[in-house]
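These numbers were taken from a predicted model, which means no experiment stands behind them. Throughout, protein chains are lettered first and strands after them, A, B, ... in sequence-line order, and every chain is numbered starting at 1.
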Number of protein chains: 2
Amino acid sequence: MSDEAANESSNVRRTRRLDRASVVAAAMGMADEGGIDGLTMRKLGRSLGVEAMSLYNHVANKEDLIDAMVDEVFDMIGDPIPGEPWREAMTTRAQSTRSVLRTHPWATPLLDSRTSPGAATMRHLDATLGCLRNGGFSVPLTAHAIALLDAYVYGFSLQEAGLPFEGRDETVDLAEAIMEGLGESHPHLAELVSEHITREGYDFADEFDFGLEVVLDGLERALQPQD
Amino acid sequence: MSDEAANESSNVRRTRRLDRASVVAAAMGMADEGGIDGLTMRKLGRSLGVEAMSLYNHVANKEDLIDAMVDEVFDMIGDPIPGEPWREAMTTRAQSTRSVLRTHPWATPLLDSRTSPGAATMRHLDATLGCLRNGGFSVPLTAHAIALLDAYVYGFSLQEAGLPFEGRDETVDLAEAIMEGLGESHPHLAELVSEHITREGYDFADEFDFGLEVVLDGLERALQPQD
DNA sequence: ACCTGAACACCGTTCAAGT
DNA sequence: ACCTGAACACCGTTCAAGT
């Protein structure tokens, strides 16, 4: 069997030629499925129809690869549109960040951990700061604002990532397990689960907007202390 | 050389006898120093003067060990005192959580990721819910409150963990690196760094209280919609 | 310029064997 | 009851060798 036949018969899609972008894209897909620990250089090579060692022609090492993945995430989040009012822009940014982090949950703990931020990361940060400054935020208040906004969005995404898979029976199973013997020893948890979380139509995702409004209201108040 | 002499001459402290608590404590220390990836069963065994395989007499596997570490973190955070006013209790809880996560930064992404929460975790959650309910929060508002509070505290801790080591010249080095060629292409970032972050007395840690007040004010407002 | 094979120093975990 | 040695199936990364 020739090499070509082997490639065709396997489920390995070997694109025309390997390049950095396709390595990064494949790595993100692998992390989406198995978490950041499920991403290994050897499996990544295999999925691209290549030996692991070939990847080192396109990334310096695994750390460099993860840097590129994180920068791609910031690129996907998108920058505020110049001239957009700050509250609209920050709402869009928060929702976009949260949405991107929902499909790439491995990225949440990594966003703030890069010692060498990429081009998209820098561009995104600068555009966000600019939006707040143009909206009338002083430099210190801008620092307050971005720390608060990002803390909320990252923290919410972190919680969301830890939830059992969405809309599945698993939630009910978990709830029943909690209720079983623990109802008496943990009455408030039992109450929350039975009277709220297991109710038809409850979705943790809906909590996001409540908190975001609180955060934005707080910033608006800090911006205009005259009320 | 006898085994005892070998033990004495090495820097390995082999306590009287290995037990679960000491394994967990040593594991936390190792993760504190090298992150969660720096914690390996083999190194942990070595640090306890034992082969890695001996650890499996006290923990089922690495996952079980991490479960125990996370539960210990919740234990360290401490529960609200029964009867304490909700705002005081939530302030104390937030500051305690943030303080514990600062010394155990590896724990931040793990707090919400455990599918089998430990006893301290359950106790802490139930006590927190109870504090809010007794403070007059409805069940749905309690769900809003805890999601918002934890998102903020976890997200802030995540950002703090990603910072260069505290109070060191590294911050200034990083700032200078940013300023070097990037001042023109990233004006708002350059402004923030030069006019705020590198200023004497600036400390990112101080941002915490601002955001916490915004969050608590928002919850107080949601609790008393009559003003 | 890109890919490979062999090698090195690691992992988590099992299992039979020791005390 | 607890610990160990050898083994298995993995890791990231290097380096010389191939095309």
Exercise. Hey, does B/M53 reach any base, or is it just sugar-phosphate, or nothing, if we go heavy atoms under 4.0 Å?
Worked result: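 Base contact.
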
For this session: Would you classify A/S54 as touching base, sugar-phosphate or nothing, given that sugar-phosphate means primed atoms plus P, OP1 and OP2, and contacts are heavy atoms under 4.0 Å?
Result: base

Atom pair distance, as rounded to whole Å: [atom1] in [X] and [atom2] in [N]:
| X | N | atom1 | atom2 | value |
| --- | --- | --- | --- | --- |
| A/K62 | D/dC10 | NZ | P | 15 Å |
| B/I36 | C/dG12 | CD1 | P | 11 Å |
| A/L44 | D/dC11 | CG | P | 11 Å |
| A/E63 | D/dC11 | CD | P | 18 Å |
| A/L39 | D/dT13 | CG | P | 11 Å |
| B/L48 | D/dC2 | CG | C1' | 15 Å |
| A/D37 | C/dC11 | CG | C1' | 12 Å |
| B/L55 | C/dT13 | CG | P | 10 Å |

State which of [options] makes the closest approach to the side chain of [X].
| X | options | answer |
| --- | --- | --- |
| B/L18 | D/dC3, C/dT4, C/dC11 | D/dC3 |
| B/E51 | D/dG5, D/dC3, C/dC3 | D/dG5 |
| A/R46 | D/dC11, D/dT4, C/dT13 | D/dC11 |
| B/M41 | C/dG12, D/dT13, C/dC11 | C/dG12 |
| A/N57 | C/dC2, C/dT13, D/dC3 | C/dC2 |
| A/R42 | C/dT4, C/dT13, D/dG12 | D/dG12 |

Exercise. Aromatic rings B/F74 and B/H124: how do their planes relate, parallel, tilted or perpendicular, breaks at 30° and 60°?
Worked result: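 Tilted.
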
Problem set entry | Pairing partner (Watson-Crick or G-U wobble, both distances under 3.5 angstrom) of D/dC8 | C/dG12

Seminar exercise, completed: By the Watson-Crick or G-U definition, both distances under 3.5 Å, C/dG18 is matched with D/dC2

Exercise. Relative to A/F208, does A/R98 satisfy both conditions: NZ or CZ under 6.0 angstrom from the six-membered ring centre, and within 45 degrees of the ring's axis?
Worked result: yes

Problem set entry | Backbone of B/Y154 reached by a side-chain donor or acceptor of B/T108 within 3.5 Å | no

For this session: Sort out for me which residue in B/L101, B/D71, B/V100 forms a side-chain contact (heavy atoms from CB on, under 4.5 Å) with B/M76.
Result: B/V100

Exercise. For B/E51 and B/M41, what are the C-alpha separation, side-chain angles and deciding distance, and is it a side chain to side chain contact (heavy atoms under 4.5 Å, CB included)?
Worked result: CA-CA 9 Å; B/E51 297 298 313; B/M41 299 299 276; over 6 Å; no

